[in-house]
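To keep things clear, I will list the structure first and then write my remarks on it.
Whatever order the structure lists ligands and atoms in, that order sets their numbers, starting from 1. Computed from a predicted model, the values in this text were never measured in an experiment.
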Amino acid sequence: MHEHRIYDVVVVGGGAAGLSGALTLGRSRRSVLVIDGGAPRNAPAGGVHNYLTSEGVAPADLYATGRAEVAGYGVEVVDGTVTKVHRAEGHERTRFEVELAGGELVRARRLLVTTGLVDELPAIPGLAERWGRDVLHCPYCHGWEVRDQAVGVLATGPMTTHQALLFRQLTDDVVVFTHTGPPLAPEQAEQLAARGVRVVEGEVTGLEVTDDRLTGVRLRSGDLVTRQALVVGPRFAARADLLAGLGLTTSEFVVGGHVFGDHVAADASGATAVPGVWVAGNVTDPQATVIAAAAAGMKAGAALNADLIAEETDRAVTALRAGTGAATETKTGADGVDAETARHWDELYQRRERIWSGRANPHLVDVVDPLPAGTALDLGCGEGADAIWLAGRGWRVTAVDVSTTALDRAAAEAAEAGVADRIDFQRHDLTRTFPEGVFDLVSAQFLQSPLEFPRAEVLRAAARAVAPGGPAADRRARRGPAVVPTGPPGRALPHPGGDAGGTRPGPGRMVDRAVGRPPACGHRPGGAAGDPGRPPGAGPPPLTALRPPARVPWRPGTAGRCAGTRRGTRPGRRGRAAGRPRPAPRRAGATGRRRGHGPA
Ligand SMILES: Cc1cc2nc3c(=O)[nH]c(=O)nc-3n(C[C@H](O)[C@H](O)[C@H](O)COP(=O)(O)OP(=O)(O)OC[C@H]3O[C@@H](n4cnc5c(N)ncnc54)[C@H](O)[C@@H]3O)c2cc1C
């Protein structure tokens with residue numbers, strides 16, 4: 001469970017409905033957290049019946065198998081009790097905070113509540129202790145198990161005759177105890193008599209138990225009626241207190257004009273009156289058996305996925321209309337993106353409304369500022385500050401990231417900055433696909449990842465993406481672009497012709513800027529605030545790899561030095577330089593300077 005993460009869906013309750021919904025969502029590549037109190041309604045029963053393919057399985061085994069199955073699709077399941085849920089501040093529509101009994105707080109875009117119900121049993125001494133064993137309620141759950149036995153039916157409500165007739169299908173020996181129930185109507189008494197069901201008047205005051213087995217039902221008169229099982233009609237109380245913070249309350253559960261308890265009302269898909277909140281299983285349908293609860297969970301999971309897709313598509317359409325490229329996501333196709341990688345970066349961006357400062361990286365600004373505009377490739381563009389800055393200076397930019405959240409934000413910012421027509425946002429998982437074309441400038445700020453990431457390979461691809469030209473074009477034509485490491489000695493950067501050994505000294509061709517290796521460059525170390533991709537003290541340094549356009553006179557003194565030494569202690573200075581076009585607006589809560597991030 002990640003407290004800083006925004007899950008697509010938090011499922012409250014890990015019974016049949018919850019786990020089934022989680023399975024559907026997990027298989028739809030949603031990030032899902034199931035929080036389960038570990039008290040499924042049928043826990044007292046020896047086995048689950050009427051569940052095709054798992055007939056008779058112990059409830060605990062069924063749920064353990066379910067947990068393992070959903071885990072196979074990346075769903076997280078934690079033991080815990082949710083005490084309340086409410087809307088996350090600032091999110092009018094669908095963003096929720098889920099509070100656990102231990103004080104933990106998790107966030108979700110949607111909720112699936114499958115907390116089940118509590119069976120409120122008749123207050124007869126000793127009855128609750130035998131619940132689910134020989135005190136029963138449902139012929140489909142336990143009927144076969146008591147076939148041909150002496151069965152009693154305790155009258156507490158309007159369903160007594162119905163229950164008695166159902167159990168009469170399973171045994172010839174059924175007795176109705178009138179107890180505190182409403183008087184039998186003449187036609188009911190006639191039906192019972194016709195089917196050979198005996199009616200015993202009087203209040204039941206206790207149960208006889210011998211060797212941990214029900215043996216009889218004691219009446220206030222003192223009479224004992226021998227019975228092996230007793231059928232009761234509990235009142236169903238939905239476990240829904242946690243929803244009060246959302247203004248979602250229970251209503252009476254009515255069947256055939258009779259009230260059997262309460263439930264959370266929902267439509268056929270499980271959608272409640274509160275947008276973004278779905279329910280499934282006994283919390284909304286007290287009559288659902290395990291297989292029906294699982295089916296409802298599946299249905300709700302599918303509806304939730306569709307709802308999320310609708311929201312994501314709305315965002316993509318907005319970006320498309322803005323003339324930017326979230327729509328180009330399809331260029332790579334779903335198979336072009338590793339699910340884990342995409343999930344990791346999307347979750348990172350979803351932690352806050354904005355992750356980066358919105359200012360261009362000062363090292364990029366430092367190097368590019370003197371250059372005339374050309375074409376640029378920004379690898380790991382994040383929320384787009386570098387791409388927007390470049391576009392504002394006249395560059396035509398291809399900006400790449402793996403996170404749709406980041407790309408959507410970047411596209412919106414680009415539109416706001418009026419440069420959307422000069423940026424082609426593309427979604428790539430650089431471990432799998434790389435943008436097509438060659439560019440005058442390739443920028444890869446902080447290209448790294450805590451996940452498996454072939455950085456050297458990607459950098460080689462980046463080097464190959466540099467357009468021919470420049471002062472040493474003739475050499476490159478023969479050998480391909482070389483890579484000149486700069487900054488502190490001792491670190492060679494990969495070049496396209498081989499491994500990480502490209503160490504041709506001197507100016508020219510392609511320039512890599514290796515900055516940010518304190519203390520040599522005086523650059524801020526990794527792990528600084530606002531740099532979620534870089535754990536403290538770990539990971540490779542940020543990298544700007546660029547080549548000036550062929551038509552630009554090569555100035556080794558500009559791009560070949562370690563920028564961190566000169567400017568690293570004054571981050572953002574160049575980002576505020578005169579002539580900088582329409583900076584992306586800063587937003588409340590933005591911290592630190594903008595840095596590019598890991599793999600696109
Ligand atoms: C004694 C008995 C025997 C039964 N036998 C059968 C049978 O053989 N076959 C059959 O089909 N049906 C049987 N049923 C019915 C079956 O129990 C229900 O159909 C099924 O449990 C409903 O599944 P659910 O997921 O909606 O709720 P549940 O299975 O009750 O699961 C709800 C889960 O949510 C958790 N939860 C609740 N509140 C919170 C919270 N605030 N935070 C976190 N977690 C929470 C609970 O701990 C629980 O694990 C039986 C019922 C009883 C009472």
Side-chain angles (χ1 to χ4, degrees), residues 1 10-23 33-60 62-64 66-67 77-85 98-102 104 106 111-121 127-146 229 231-245 261 263-264 266 270 278-301:
M1 184 171 72
V10 165
V11 180
V12 187
L19 289 173
S20 178
L23 183 64
L33 173 68
V34 179
I35 304 168
D36 182 36
R41 184 178 169 210
N42 59 348
V48 177
H49 300 287
N50 265 312
Y51 196 110
L52 191 65
T53 73
S54 296
E55 184 53 36
V57 65
L62 183 78
Y63 302 121
R67 282 187 175 207
V77 183
V78 295
D79 296 322
T81 300
V82 173
T83 50
K84 50 185 155 179
V85 292
V98 178
E99 213 172 305
L100 280 78
E104 306 94 328
V106 289
L111 292 179
L112 175 55
V113 178
T114 58
T115 43
L117 62 79
V118 173
D119 292 287
E120 293 178 350
L121 300 170
L127 186 143
E129 288 81 349
R130 306 217 60 80
W131 176 237
R133 300 163 69 197
D134 36 32
V135 172
L136 318 166
H137 74 301
C138 164
Y140 305 106
C141 305
H142 324 269
W144 175 266
E145 283 63 42
V146 298
V231 176
V232 301
R235 180 186 177 276
F236 305 129
R239 290 199 269 210
D241 289 351
L242 70 158
L243 298 173
H263 74 139
V264 178
W278 265 254
V279 287
N282 279 171
V283 72
T284 181
D285 178 6
Q287 292 181 310
T289 59
V290 175
I291 206 162
M298 193 272 167
K299 202 168 177 181

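Atom CG in L19 sits 7.0 Å away from atom CG in D36 (nearest 0.5 Å). Atom CG of L100 is separated from atom CD1 of I35 by 4.5 Å, given to the nearest 0.5 angstrom. Atoms CG and CG, from L243 and L111 in turn, are 8.0 Å apart once rounded to the nearest 0.5 Å.
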Could you pull out every donor-acceptor pair under 3.5 Å between side chains of residues 287-294 and any protein atom, sequence neighbours left out?
none

Please output the side-chain donor-acceptor pairs of residues 133-143 that fall under 3.5 Å, not counting sequence neighbours, one pair per line with the distance.
unit_1 : atom_1 : unit_2 : atom_2 : d
R133   : NH2    : D212   : OD1    : 3.0
R133   : NH2    : D212   : OD2    : 2.5
D134   : OD1    : R130   : NE     : 2.6
D134   : OD2    : R130   : NE     : 3.4
D134   : OD2    : R130   : NH2    : 3.1
D134   : OD2    : L214   : N      : 2.9
H137   : NE2    : R41    : NH2    : 3.4

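The salt bridge (Lys or Arg N to Asp or Glu O under 4.0 Å) pairs that include a residue from residues 46-57 number zero, where partners must be two or more places apart or lie in different chains.
A distance limit of 4.0 angstrom between heavy atoms and ligand 1 selects the residues V12, G13, G14, G15, A16, A17, I35, D36, G37, G38, A39, P40, R41, N42, A45, G47, V48, H49, Y63, G80, T81, V82, T114, T115, G116, D119, W131, G132, H137, C141, H142, R239, G281, N282, A288, T289, V290, A293.
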